[in-house]
Amino acid sequence: MTSESVQPMSGPSRRTVVAAVGAAGLTVALTACGSDDKASDPSTEQGAAGGGATNEGGGSSAGAGAGGAALAKTADIPEGGGKIFKDEKVVVSQPAAGDYKAFSTICTHQKCPMVDLKDDVISCACHGSQFSVLDGSVKKGPAVEPLEAKQISVKGDSITLA
């Protein structure tokens, strides 16, 4: 046997490893809060009652105004549900026959865009907040603020962003 002492291999220090793991975790967290604007479908539609309804009154509960480009026909918005317009970052809903409302699709928790609509609930993929598209209210946190209402105009069978 030899009398050589065995030297441990030098590697990264504990501090270096902990810092690297922390940086990787921070990167993952920030990536989850980022936006993904790569959408193949410009709009998403979902309704609780199915099919469209007619606009008997021609009015809008979200206010009347002129100016915006036509978003949809009234028959495209299902009663008891809504339709997302990704490019405009808005969801239009029809809580009752002939009553149309619009809300921002940007989550009030950390400003993530929302594109997941099931029945009358729009969900945020970032942290799981859920909102009613019928009135903009929070159905499930962590968000505590309701969705921002958007002004739309309904004239005849045409819905436009005001």
Side-chain angles (χ1 to χ4, degrees), residues 23-162:
L26 181 60
T27 301
V28 168
L30 291 176
T31 301
C33 291
S35 67
D36 181 15
D37 291 336
K38 298 174 190 166
S40 60
D41 182 18
S43 65
T44 302
E45 179 180 340
Q46 193 64 251
T54 61
N55 181 12
E56 297 168 15
S60 168
S61 62
L71 283 176
K73 298 289 185 194
T74 55
D76 296 337
I77 310 301
E79 186 177 343
K83 183 173 182 178
I84 294 174
F85 299 89
K86 292 178 185 178
D87 292 340
E88 292 83 3
K89 296 181 177 73
V90 68
V91 60
V92 177
S93 64
Q94 185 178 190
D99 180 27
Y100 298 90
K101 296 186 179 195
F103 300 96
S104 169
T105 57
I106 303 301
C107 181
T108 59
H109 175 238
Q110 288 195 350
K111 310 299 181 215
C112 291
M114 297 183 289
V115 295
D116 183 25
L117 177 63
K118 287 188 179 42
D119 297 325
D120 66 339
V121 176
I122 188 169
S123 302
C124 180
C126 292
H127 301 104
S129 293
Q130 294 181 340
F131 302 85
S132 168
V133 297
L134 304 180
D135 61 10
S137 65
V138 177
K139 302 276 254 176
K140 178 182 168 199
V144 294
E145 297 292 322
L147 294 175
E148 176 188 355
K150 295 291 185 177
Q151 296 295 312
I152 55 172
S153 175
V154 180
K155 291 187 177 150
D157 68 345
S158 181
I159 301 173
T160 57
L161 204 51

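Because the structure is a prediction, the values reported are computed rather than measured.
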Starting at OH of Y100, measure out to CD1 of I152 and round the result to the nearest 0.5 Å.
9.0 Å
What distance do D120 atom CG and Q130 atom CD have between them, rounded to the nearest 0.5 Å?
10.5 Å
For M114 and L147: C-alpha separation, side-chain torsions, deciding distance, then whether side-chain contact (heavy atoms from CB on, under 4.5 Å) applies.
CA-CA 11 Å; M114 297 183 289; L147 294 175; 3.5 Å; yes
For A70, is there any backbone N or O sitting under 3.5 Å from a side-chain donor or acceptor partner on S158?
no
Can you see which heavy atom on D76 is nearest to which on A72, and at what distance?
OD2-CB, 3.8 Å
Measure the distance from the SG of C107 to the SG of C124 and say whether it is below 2.5 Å.
no
Write down the atom of S129, the atom of H109, and the distance for their closest heavy-atom approach.
OG-CB, 4.1 Å
Expected output: side-chain D135 to main-chain S137 donor-acceptor under 3.5 Å
yes
Kindly indicate whether the side chain of E148, heavy atoms from C-beta on, has any atom under 4.5 Å from the side chain of I106.
no
Of all heavy-atom pairs between K83 and I77, which one has the smallest distance, and what is that distance?
CB-CD1, 3.8 Å
Which distance, rounded to the nearest 0.5 Å, do you find between the CD1 of I84 and the OG1 of T105?
6.5 Å
Can you name the closest pair of heavy atoms from F131 and A143 and give their distance?
CZ-CB, 3.5 Å
For the residue pair V133 and G82, what are the closest heavy atoms and their distance?
CG2-N, 4.4 Å
Are F103 and I122 packed together at the side-chain level, in the sense that at least one heavy-atom pair is separated by less than 4.5 angstrom?
no
If the condition is side chain to side chain contact (heavy atoms under 4.5 Å, CB included), which residues does V90 pass it with, not counting sequence neighbours?
L71, F85, E88, A102, K150, L161
Smallest separation among heavy atoms of S132 and K139, with atom names:
N-CG, 3.6 Å
Check against side-chain contact (heavy atoms from CB on, under 4.5 Å), V115 and K86
CA-CA 7 Å; V115 295; K86 292 178 185 178; 3.8 Å; yes
Can you pull out every ring-ring contact (aromatic ring centres under 6.0 Å, His included) where at least one residue sits in residues 139-162? Sequence neighbours excluded, please.
none
Do the non-hydrogen side-chain atoms of P95 and K101 ever get within less than 4.5 Å of each other?
yes
